[in-house]
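Order of the sequence lines sets the chain letters (A, B, ...), proteins ahead of strands, with each chain counted from 1.
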Amino acid sequence: MMSRVFWMATGAAAGAYATVKARRVAYRLSVPGVVDQAAALGLGWRELREEISDGMAAHEQSQYLKLTRKEQQR
Amino acid sequence: MPLDVTILIVTAVVAVIAVVAAVVAARALREVRQLGEERAAESVAQPATAELEPVMVQTVEPRPVQVVEGRVVATLTRQDLLEARLSRPMARLAVYAHGVAHALRPESRDRITALVRREYRRRRAVRLKIARRALRSVPDEAFVKRADWLGSEPPPPQLPRAVGE
């Protein structure tokens, strides 16, 4: 009896999990899902570009200061 | 090369060009919109009666020029030398590489990844919410008519309700 209940609960949980996962995959593969993914990736790309430009500006500034100090030491 | 392969390649090239043009146009449109929004925000922030701020005009002093053996030689300032050193291709490449390394640090990488995931989930939640609301706004009769169309038995005028509903 306990074994049957256990397997029943296990099957129900696995079914619920698989249903949720399958629904998410189906949404990802649908047109609205693809649009959402593209929009999110665009946002990520913009953030990455901002990070790159921040890093470039910081490095440029540090190089500039380093060269200025070298020039002053001469 | 067979004709169909040639046509396929030409079509692919045209498609790539079209995609690039669309991306460039979308970016230009976004920039124009941002400019418009910024101008609108500035016009709102600054009332028309505000006094005009004095404009700082930086005058450029003429550089010392030497004449050596009949040739004019412009003396470079320290600033010019520094800028020339930093604008070398290898220096620019190093700066760009540092920028990329800065962007790919674990903390910023994780932040961007989380941002993308959160944005996707937010958009999905909004879409599902709208869909659920639209479904709720459809009257029950629409479903009944649809069942009619499928060829089922004509429904009774009053659908039976569950106990306690």
| Counting heavy-atom pairs under 4.5 Å to chain B, which of A:Arg24, A:Gln63, A:Glu47, A:His59 comes out on top? | A:His59
| query | Would you find more than 12 non-hydrogen atoms of other residues, nucleotides or ligands less than 6.0 Å from B:Tyr96 atom OH? | reply | no
| field | Spacing of CG belonging to B:Leu82 relative to NZ belonging to A:Lys70, to within rounding of 0.5 Å | value | 11.0 Å
| Does any non-hydrogen side-chain atom of A:Val35 lie less than 4.5 Å from one of B:Arg127? | yes
| request: Consider only side-chain heavy atoms of I, L, V, M, F, W and Y, link residues closer than 4.5 Å, and tell whether A:Met56 and B:Leu104 are in one cluster. | output: yes
| Residues A:Glu60 and B:Arg92 bridged, charged N to O under 4.0 Å | yes
| field | Closest contact, heavy atoms only, B:Tyr120 versus A:Gly33 | value | CE1-O, 4.0 Å
| field | Connected via hydrophobic side-chain network under 4.5 Å: A:Val34 and A:Leu41 | value | no
| task | Determine whether B:Val100 and B:Ile112 fall in the same hydrophobic cluster, where Ile, Leu, Val, Met, Phe, Trp and Tyr are linked whenever their side-chain heavy atoms lie under 4.5 Å apart. | result | yes
| query | Given the options A:Pro32, A:Gly42, A:Gly44, which has more heavy-atom pairs under 4.5 Å with chain B than any of the others? | reply | A:Pro32
| said: Counting only heavy atoms from other residues, nucleotides and ligands, does the tally under 6.0 Å from NE2 of B:His98 exceed 12? | reply: no
| A:Thr68 portion near chain B, given a 4.5 angstrom heavy-atom threshold | both
| field | Transitive ILVMFWY side-chain link B:Val16 to B:Leu8, under 4.5 Å | value | no
| What's the spacing between B:Ser108 OG and A:Leu48 CG if we round to 0.5 Å? | 7.5 Å
| remark: Per-residue tally against chain A (heavy atom, under 4.5 Å) across B:Arg117, B:Arg111, B:Arg105, B:Glu83 peaks at B:Arg111
| query | Side chains of A:Leu43 and B:Val116: closer than 4.5 Å at any heavy-atom pair? | reply | no
| message | Given the ring of A:Tyr64, does B:Arg85 sit roughly above its face, with NZ or CZ under 6.0 Å from the centre of the six-membered ring and within 45° of the axis? | response | no
| query | Can B:Arg109 and A:Glu51 be said to form a salt bridge (charged side-chain N to carboxylate O under 4.0 Å, His left out), step by step? | reply | CA-CA 10 Å; B:Arg109 201 176 52 208; A:Glu51 283 283 336; over 6 Å; no
| request: Select one option (side chain, backbone, both, neither) describing which atoms of B:Arg121 are under 4.5 Å from chain A's heavy atoms. | output: neither
| said: With a sphere of 6.0 Å drawn around CZ of A:Arg46, does it hold more than 12 non-hydrogen atoms of other residues, nucleotides or ligands? | reply: yes
